[in-house]
Amino acid sequence: MQYEGRIFRPPSEAESLILQSTVGCSQNGCAFCSMYKEKRFHIRPVAAVCADVDEIASGPWARAFSRVFLADGDALMRKTEEQLAIFAHIYARLPATERITCYASPASIAAKTDAELRSLAQGGLNMVYMGLESGSDAVLARMNKGATAAEIIRAGQRVRAAGMRLSVTAIIGLGGASGSEEHAIETGRALSAMQPEYIGLLTLMLEGEEPLYADYRAGRFTLPDQQGLLRELRTLIAHTDSEGSVLRANHASNYLNLRGTLNADRPRLIAQLDAALAGRVGLKAEWMRGL
Ligand code: SF4
């Protein structure tokens, strides 16, 4: 099985079989993202994806995977009937499969009817990973996300209403130093409106390939300093009312690893951040951070 270009997957899919259903990202314009910039988005033929499944099914790995993650950045862009054919093939040929997940953009979710989303859930798509990035429309516009906060919230709510679990990612630092507080408050509000099963919080890192990097180098975009990032994270969590959501800020890019279930663990998470802000907790060294 051969992949086209670099492959990305959520940290929680480390043990999953990665099947490349689409290549690249249909949006591919976010200023902070370099993941698929070298790829032109296209949808692989159903036969090619099913051939990959058959290759795994006929080898020693046939029963090795209970989870399948459909790459790349926007697997839901495919027609629903084609998705369902692929899901059926996966469950038939790889009988150990217990769940299928993928990334989905707000646009690809918006393009599906409620009935289509329900049929995808019934066909075995158990969870969708969606990037909110920020709940602030000003930040989303500046970052060229291609969707407003209301559109992203609506997409997330429709995924959950269809019977799929929802994992939402937001990025600490994305509002820059000047927009930090608004970014934190509005992101907390957006997460509260979606009530996702999982919330993943990353910290913005600019390494050179992102379109935003030029603004950063030229001083047109300023990242909050370490204390500012911790304060932003504290404000975000304080404004997130999402009962039952598992919150993880344990990505390699974060200075402080946090994990808890909202809302019960919110006071503990805030206390951890207060301790870090007061210098009573060690933070991850810069060289240990990565994406
Ligand atoms: S952040 Fe997501 S939607 Fe935006 S360009 Fe990257 S992969 Fe595409």
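Along the sequence shown, residues carry numbers from 1. Read the numbers this way: they start at 1 and go in the same order the structure lists the ligands and their atoms.
Residue contact check: Phe32 has heavy atoms under 4.0 Å from atoms 1 (S) of ligand 1. For ligand 1, the atoms closer than 4.0 angstrom to any heavy atom of Asn28 are 5 (S), 8 (Fe). Within the listing of ligand 1, atoms 5 (S) sit less than 4.0 angstrom from a heavy atom of Gly29. Within ligand 1, counting atoms from 1 as listed, the ones closer than 4.0 Å to a heavy atom of Tyr36 are 7 (S).
Within the coordination shell of atom 4 (Fe) of ligand 1, defined by N, O or S atoms under 2.8 Å, Cys30 is present.
Glu4 and His42 share a side-chain donor-acceptor pair at under 3.5 Å.
Within a 6.0 Å radius of CZ in Arg63, other residues, nucleotides and ligands contribute 12 heavy atoms or fewer.
Summary of contacts: the protein heavy atom closest to atom 6 (Fe) of ligand 1 is Cys33 SG, 2.4 Å. At the shortest separation from atom 8 (Fe) of ligand 1 among protein heavy atoms lies Cys25 SG, 2.3 Å.
Between Arg142 and Asp215, at least one side-chain N (NZ, or NE/NH1/NH2) sits under 4.0 Å from a carboxylate O, which counts as a salt bridge. A salt bridge between Glu151 and Arg154 is absent, with no side-chain N of the basic residue lying under 4.0 Å from a carboxylate O of the acidic one.
The two residues Thr22 and Phe41 come nearest to each other via the heavy atoms CB-CE1, 3.8 Å.
With a 4.0 Å cut-off on non-hydrogen atoms, Tyr103 does not touch ligand 1 at all.
Between Arg160 and Glu197, the closest side-chain pair of non-hydrogen atoms falls below 4.5 Å.
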